[in-house]
Amino acid sequence: MVSSLNIIDVARVTPSNSDSTESLTLPLTFFDLLWFKIHAVERVIFYRLNVATRSFFDSVIVPNLKTSLSSSLSHYLPLAGKLIWKPFEPKPSIVYTPNDAVSFTVAESNAHFSRLIGKEPFSSTELHPLVPELQNSDDSASVMSFQVTLFPNQGFCIGVTAHHAVLDGKTTTTFLKSWAHLCKHQDSSLPEDLIPFYDRTVIKNPPNSDIKLLNSWHSLAKMFSGGKEPQNPKSLKFPPSPVIDPDVLRYTLELTREDIQMLRERLKRDSPKELRLSTFVITFSYVLTCLIRARGGDPNRLTGFGFVADSRKLVNPPIPSSYFGNCATGTFKVPLRAETFMAKEGFLASTRLVSDSVEEMDESVVWKIPDFVAFWTQLPLGTQIVSVAGSTKFGVYGLDFEWGRPEKVVIVSINQGEAISLAESRYGNGGVEIGFSLKKQEMDVLIDLLHNGLKM
């Protein structure tokens with residue numbers, strides 16, 4: 001049976017203090033401009049609730065979520081605003097004016113809830129109706145939008161779409177924690193660690209870094225349009241989203257604490273050199289190796305990987321952990337040959353590369369951000385780049401709005417590239433959840449590789 005979605009309501013939710021005359025403008029920093037033209041980040045948070053009848057949903061869940069969302073937006077005014085690039089300004093800004101609001105969609109689905117939260121692969125297309133669209137045009141773009149969907153007598157989910165040029169994963173999840181806190185405690189005040197820090201003077205841009213990043217985005221847009229100049233260089237429209245093939249599947253692997261320790265011991269035994277064997281290094285190296293092997297093909301084909309790290313503690317002086325906006329820097333290893341990972345010692349070689357990349361993450365890497373977009377313009381077409389969305393440090397399984405911990409958290413937007421998603425285990429046992437999105441044939445091979453590699 002093909003699942004269907006019934007839209008019940010589309011509302012505007014304003015901050016609870018929207019009757020004030022307060023306006024706010026935040027110019028984008030070079031950390032933000034790194035993600036200026038990246039597709040929005042889409043998450044779905046699933047909650048099992050057997051008493052989730054339509055009546056309970058309409059009278060309790062939706063009103064409580066809307067009221068607490070309004071309260072939390074009063075602390076996070078920019079989220080209700082818009083991204084705007086004024087004619088004579090050198091770069092875009094986030095602008096909030098009184099009575100700005102976020103879109104809040106209420107829906108009902110007949111999809112198989114148990115399949116969406118289960119451990120078996122399922123079609124990626126089943127997730128798309130559960131995430132709201134983010135309004136965007138040449139002149140402006142919304143920052144965030146929300147959707148709450150009922151699965152009668154099974155549970156509900158919260159879909160969140162966020163503009164990556166405005167906020168990174170840490171800021172997004174800090175906001176979600178704030179919303180959950182206010183919903184659960186029926187309060188209007190936040191703990192100190194959830195109050196956003198807006199002072200942008202703590203970001204020390206390298207000279208001309210903003211212009212360099214925007215010029216790189218311009219060059220990238222020109223490259224993808226076959227050398228044609230963009231019609232509107234200041235357009236805030238997202239690039240067209242790729243069409244997701246119905247054959248593309250989603251799958252979530254859980255590596256337990258014991259799995260990770262077993263892989264750690266294997267690497268210690270096989271490596272003559274001491275490596276940085278953190279949970280991230282082991283997890284990412286393992287799935288990177290399996291992904292490149294699952295693709296197969298010519299051993300000489302080009303591959304590579306990349307990941308980002310929170311820069312708040314990398315710079316000196318450190319940036320407050322509650323800083324609102326993007327504050328992440330990335331590192332990439334490209335080009336590499338597929339044979340590096342496909343060889344017998346592929347997992348060890350992968351771990352050496354990832355370990356070295358993590359060790360190299362320091363303040364000097366942060367200031368190279370303006371070079372990253374330019375890097376993509378020089379990348380040969382067809383290169384398999386495995387990147388990471390999410391983090392085990394975000395604590396997404398602690399998002400309790402009053403109805404318990406999430407049953408599953410999914411980053412839907414990895415469908416649009418070759419990224420994997422990471423989160424801490426939903427069971428709180430020190431494990432890691434890794435999300436994949438691949439065509440069925442490749443996914444079948446990958447699942448075998450992932451599980452067989454843990455039996456060695």
What residue pairs, at least two apart or across chains, pass salt bridge (Lys or Arg N to Asp or Glu O under 4.0 Å) with a residue in [range]?
range            : value
residues 269-283 : Lys273-Asp356, Arg276-Glu359
residues 102-113 : Arg54-Glu108
residues 325-350 : Lys333-Glu360
residues 152-180 : Asp168-Arg312

Residue list, ring pair (Phe, Tyr, Trp, His ring centres under 6.0 Å) with [X], at least two apart or on another chain:
X      : answer
Tyr76  : Phe175
Phe156 : Tyr47, Trp403
Phe394 : none

If you define the side chain from C-beta out and look only at heavy atoms, does anything of [X] sit under 4.5 Å from [Y]?
X      : Y      : result
Val388 : Ile420 : yes
Phe305 : Ser350 : no
Val412 : Leu130 : no
Leu438 : Leu291 : yes
Leu253 : His451 : yes
Leu150 : Ile8   : no
Leu336 : Phe341 : yes

Next item on the list: For Thr105 and Gln147, indicate whether the former's side chain and the latter's backbone hold a donor-acceptor pair under 3.5 Å.
Entry: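 Looks like no, no N/O pair under 3.5 Å.
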Check: Which heavy-atom pair separates Thr329 from Val365 by the least distance, and what is that distance?
Finding: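 Looking at all heavy atoms of both residues, the shortest contact is OG1-O, 3.6 Å.
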Item checked: side-chain hydrogen bond (donor to acceptor under 3.5 Å, both in side chains) involving Arg301 - partner list, sequence neighbours excluded -> Gln384
Next item on the list: List for me each residue that meets side-chain hydrogen bond (donor to acceptor under 3.5 Å, both in side chains) alongside Asn6, sequence neighbours excluded, and say none if there are none.
Entry: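 Listed in chain order: nothing, the list is empty.
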Note to self: Under 3.5 Å, is there a donor on one side chain and an acceptor on the other for Ser364 and Asp362?
What the structure shows: yes
Which pairs of donor and acceptor atoms, one on a side chain in residues 279-288, lie under 3.5 Å apart (sequence neighbours left out)?
from: Thr283; atom 1: OG1; to: Thr279; atom 2: O; distance (Å): 2.8
from: Ser285; atom 1: OG; to: Val281; atom 2: O; distance (Å): 2.5
from: Tyr286; atom 1: OH; to: Leu450; atom 2: O; distance (Å): 2.5
from: Tyr286; atom 1: OH; to: Leu454; atom 2: N; distance (Å): 3.4

Mark yes when over 12 heavy atoms from residues, nucleotides or ligands other than [X] sit less than 6.0 Å from its [atom1]; otherwise mark no.
X      : atom1 : result
Gln231 : CD    : no
Gln441 : CD    : no
Glu133 : CD    : no

Note to self: side chain to side chain contact (heavy atoms under 4.5 Å, CB included), that's the test. Do Leu127 and Val131 meet it? Break it down for me.
What the structure shows: CA-CA 7 Å; Leu127 292 170; Val131 290; over 6 Å; no
Checklist line | Of all pairs that satisfy ring pair (Phe, Tyr, Trp, His ring centres under 6.0 Å), the ones with a partner from residues 118-150, not counting sequence neighbours | finding: Phe146-Trp179
Next item on the list: Start with the C-alpha distance between Arg295 and Glu442, add both sets of side-chain angles, then the distance that settles salt bridge (charged side-chain N to carboxylate O under 4.0 Å, His left out), and finish with yes or no.
Entry: CA-CA 6 Å; Arg295 177 72 51 91; Glu442 200 168 323; 2.8 Å; yes
Next item on the list: Any pair with a residue in residues 388-399 that passes side-chain hydrogen bond (donor to acceptor under 3.5 Å, both in side chains), sequence neighbours left out, goes on the list, sorted by first then second residue, please.
Entry: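 Passing the test, one end in residues 388-399: Tyr397-Glu433.
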